[in-house]
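Below: the structure, in structure tokens.
Residue numbers begin at 1 in each chain, while the letters A, B, ... track the order of the sequences.
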Number of protein chains: 2
Amino acid sequence: MDTNAAPNVTAAALAPPKPVAARSLVEAAHEAIRHEILTGGLAPGEKLRFEMLRKRFGFGASTLREALTRLVGEALVTSEEQKGFRVAPVSLEDLADLTRTRKFIELEALRESILNGDDAWEGRLVSAFHRLSKVEAKLSSGPELQQDEFEHRNNEFHHALISACPSRWLHHLHGILYQQSERYRRISLVNRVVPRDVHAEHKAMFDAALARNVELACQVAGEHIERTLSVMAKVLTAGR
Amino acid sequence: MDTNAAPNVTAAALAPPKPVAARSLVEAAHEAIRHEILTGGLAPGEKLRFEMLRKRFGFGASTLREALTRLVGEALVTSEEQKGFRVAPVSLEDLADLTRTRKFIELEALRESILNGDDAWEGRLVSAFHRLSKVEAKLSSGPELQQDEFEHRNNEFHHALISACPSRWLHHLHGILYQQSERYRRISLVNRVVPRDVHAEHKAMFDAALARNVELACQVAGEHIERTLSVMAKVLTAGR
DNA sequence: GTCAACAATAATTTCGAGATTTTTTATAAA
DNA sequence: TTTATAAAAAATCTCGAAATTATTGTTGAC
């Protein structure tokens with residue numbers, strides 16, 4: 001079969017936020033709505049009416065319904081039988097609990113990853129750190145333009161760190177928690193109040209991991225997560 | 001409005017396994033299919049065609065589709081774009097990884113639960129242990145009849161143990177892993193090979209928790225989970 | 001003036017048919 | 001006999017409308 005370059009999605013062509021081409025309309029709808037929730041275009045607690053979503057994204061009711069059901073599974077959307085869907089709410093308590101739980105999971109994964117890491121893992125890590133450093137340097141000049149790209153590379157770097165952890169279930173759980181954190185992180189990025197040398201923190205994690213120093217890496221990563229919490233907490237309380 | 005005792009679901013009346021009345025057809029379909037997967041009526045790896053599911057359960061295509069999407073979120077079903085749904089496969093590797101990860105999560109939740117437990121928690125624990133003990137005694141006579149009830153009360157007891165853990169996210173993650181374990185556990189229950197005093201193990205956990213002995217409770221619970229793994233592993237390898 | 005029952009409106013949920021894609025089967029060439 | 005191509009069949013995916021349920025607004029009685 002030859003490659004078909006023509007986009008075969010018709011309804012999706014109407015929606016403004018369309019970063020990636022998806023294999024099915026449900027996937028496209030899922031990613032579009034997910035992006036809007038993560039970036040705040042759909043506010044926490046907001047009711048998700050089908051008529052509104054139809055106009056905004058251009059998908060049919062069944063397609064939207066399945067996309068929302070996926071998002072419920074990722075805990076980005078809540079649903080109550082016969083009463084529709086809502087964007088999952090955010091709160092300081094949830095952020096604190098989420099961060100604590102993520103730290104618990106992520107440090108265990110990091111530990112196992114460092115112990116099991118091979119040359120290929122080191123290669124992925126070096127590569128991801130390099131790409132992240134590049135976008136971090138640009139971020140100070142034009143913040144909003146590179147935010148999606150920064151999140152993507154930040155995600156890649158953190159994933160590379162734990163990518164040698166052999167437990168599929170630990171990865172699965174971490175993925176859920178990480179996506180939740182991303183939501184809070186983006187809130188604190190758009191209106192950042194605390195100046196912070198994130199690059200230095202990333203470099204410390206990178207160095208400790210490559211040196212195979214489990215204890216140091218976990219300590220640094222733990223502090224990194226905690227610091228992220230305190231920054232996000234400040235933003236959330238300041239907004240009130 | 002007065003209470004309406006008549007079942008308002010029409011299509012669902014055809015399906016044989018219908019334990020609970022659901023608020024929506026999607027929920028009914030979700031629970032019916034989930035039950036069939038957990039009990040083995042739908043085999044691991046089996047393709048889930050809509051025509052087959054329509055005949056078997058009597059729901060419409062969209063309803064089934066959403067129910068399957070929910071099950072994908074619970075990792076009981078896998079989906080590949082444009083190629084449909086399958087029952088999630090089982091394997092010895094997955095079981096080992098799952099058990100290890102569940103132990104990691106469940107012991108942490110148990111630790112926090114014992115430290116935070118109040119009188120209400122003790123009450124729930126005593127009650128759940130009592131109910132579990134009753135059904136355990138009956139289980140030796142008629143195994144198949146009480147299996148659903150045993151699983152239900154076993155679930156209640158293990159949930160009661162960690163119910164005083166304040167972390168919602170830890171509970172959420174534990175729920176995912178516990179449901180997965182239930183699937184393997186039911187396989188090893190129908191064709192059990194190793195005689196085992198499960199009641200004594202449960203009693204040891206119960207006593208240690210009520211005595212607020214964190215270390216002993218975690219040790220006993222850890223051994224309980226490990227022993228469950230070894231039993232299930234024996235069944236899975238014997239089946240080959 | 002307050003509360004409850006009832007009607008009107010709006011939203012969600014469900015279904016079946018049509019469009020698109022994948023898989024299978026048949027045919028022909030090497 | 002094997003491989004490639006193409007038609008046919010089967011399955012999934014998507015849509016819009018009908019049915020069910022929740023919400024809102026109004027009227028009437030106490």
Side-chain angles (χ1 to χ4, degrees), chain A residues 1-15 18 21-33 42 45-73 77-87, chain B residues 1-15 18 21-33 42 45-73 77-87:
Chain A
M1 307 164 196
D2 56 350
T3 57
N4 185 2
N8 50 0
V9 284
T10 56
L14 306 170
K18 184 75 37 49
R23 309 187 74 78
S24 70
L25 287 186
V26 170
E27 192 176 320
H30 171 243
E31 294 193 10
I33 299 175
L42 293 168
E46 183 178 348
K47 188 110 182 27
L48 295 169
R49 290 197 184 79
F50 285 95
E51 192 55 31
M52 180 267 273
L53 295 173
R54 269 171 53 89
K55 281 189 206 153
R56 186 157 175 174
F57 296 101
F59 298 105
S62 288
T63 304
L64 285 169
R65 174 161 265 276
E66 189 176 335
L68 289 176
T69 301
R70 286 198 197 187
L71 290 165
V72 170
V77 166
T78 63
S79 82
E80 208 175 343
E81 300 288 337
Q82 315 285 10
K83 289 173 75 177
F85 297 85
R86 280 179 179 281
V87 179
Chain B
M1 303 166 197
D2 56 351
T3 55
N4 184 3
N8 51 359
V9 284
T10 55
L14 305 170
K18 182 76 37 50
R23 309 183 72 77
S24 70
L25 287 185
V26 170
E27 193 176 321
H30 170 243
E31 293 192 9
I33 300 175
L42 293 168
E46 184 177 347
K47 188 104 180 33
L48 295 169
R49 288 196 184 80
F50 286 96
E51 191 55 30
M52 180 268 273
L53 294 172
R54 269 172 58 88
K55 280 189 207 156
R56 187 158 174 173
F57 297 101
F59 298 104
S62 289
T63 304
L64 286 168
R65 175 163 266 278
E66 187 176 335
L68 291 176
T69 302
R70 286 197 195 187
L71 290 165
V72 170
V77 166
T78 63
S79 80
E80 207 175 344
E81 300 288 337
Q82 314 284 10
K83 289 173 74 177
F85 297 85
R86 279 179 180 281
V87 179

- Task: May I ask you to evaluate whether S24(A) reaches the phosphate of dT12(D), defined as a side-chain N or O under 4.0 Å from OP1 or OP2?
- Result: no
- Message: Would you say K83(B) places a side-chain N or O within less than 4.0 Å of OP1 or OP2 belonging to dA11(D)?
- Response: no
- Query: Pick the nucleotide of DNA chain D nearest each of E66(A) and E81(A); which residue has the one closer to the 5' end?
  - Reply: E66(A)
- Candidates dT14(D), dT21(D), dT12(D) - which lies nearest the side chain of V26(A): dT14(D)
- Message: Using a heavy-atom cut-off of 4.0 Å across all strands, would you classify L68(B) as base, sugar-phosphate, or nothing?
- Response: nothing
- Distance, rounded to the nearest Å, where L25(B) contributes CG and dA19(D) contributes P: 15 Å
- Message: Taking only side-chain N and O atoms of R54(A), does any of them lie within less than 4.0 angstrom of OP1 or OP2 on dG16(D)?
- Response: yes
- Quick one: R49(B) CZ to dA9(D) P, roughly how many Å, whole number? 18 Å
- Distance, rounded to the nearest Å, where F50(B) contributes CZ and dA19(C) contributes P: 19 Å
- Query: What nucleic acid atoms does S62(B) come within less than 4.0 Å of, heavy atoms only: base, sugar-phosphate, or nothing?
  - Reply: base
- Query: For dT12(C), does OP1 or OP2 lie under 4.0 Å from any side-chain N or O of K47(A)?
  - Reply: yes
- Task: Evaluate the side chain to side chain contact (heavy atoms under 4.5 Å, CB included) criterion for residues L53(B) and L68(B): first the C-alpha distance (whole Å), next the side-chain angles of each, then the deciding distance (0.1 Å), finally the verdict.
- Result: CA-CA 11 Å; L53(B) 294 172; L68(B) 291 176; 4.0 Å; yes
- Query: Picking from F59(A), F57(A), F85(A), what satisfies side-chain contact (heavy atoms from CB on, under 4.5 Å) with I33(A)?
  - Reply: F57(A)
- Message: Using side-chain heavy atoms (C-beta onward) and a distance below 4.5 Å, is L42(A) in contact with M52(A)?
- Response: yes
- Message: So L48(B), base contact, sugar-phosphate only, or nothing? Heavy-atom distance under 4.0 Å.
- Response: sugar-phosphate
- Query: Roughly how many Å is it from CZ in F85(B) to P in dT12(D), rounded to a whole number?
  - Reply: 9 Å
- Query: Taking only residues two or more places apart in sequence, or in another chain, which ones meet K47(B) in a side-chain contact (heavy atoms from CB on, under 4.5 Å)?
  - Reply: R49(B), R86(B)
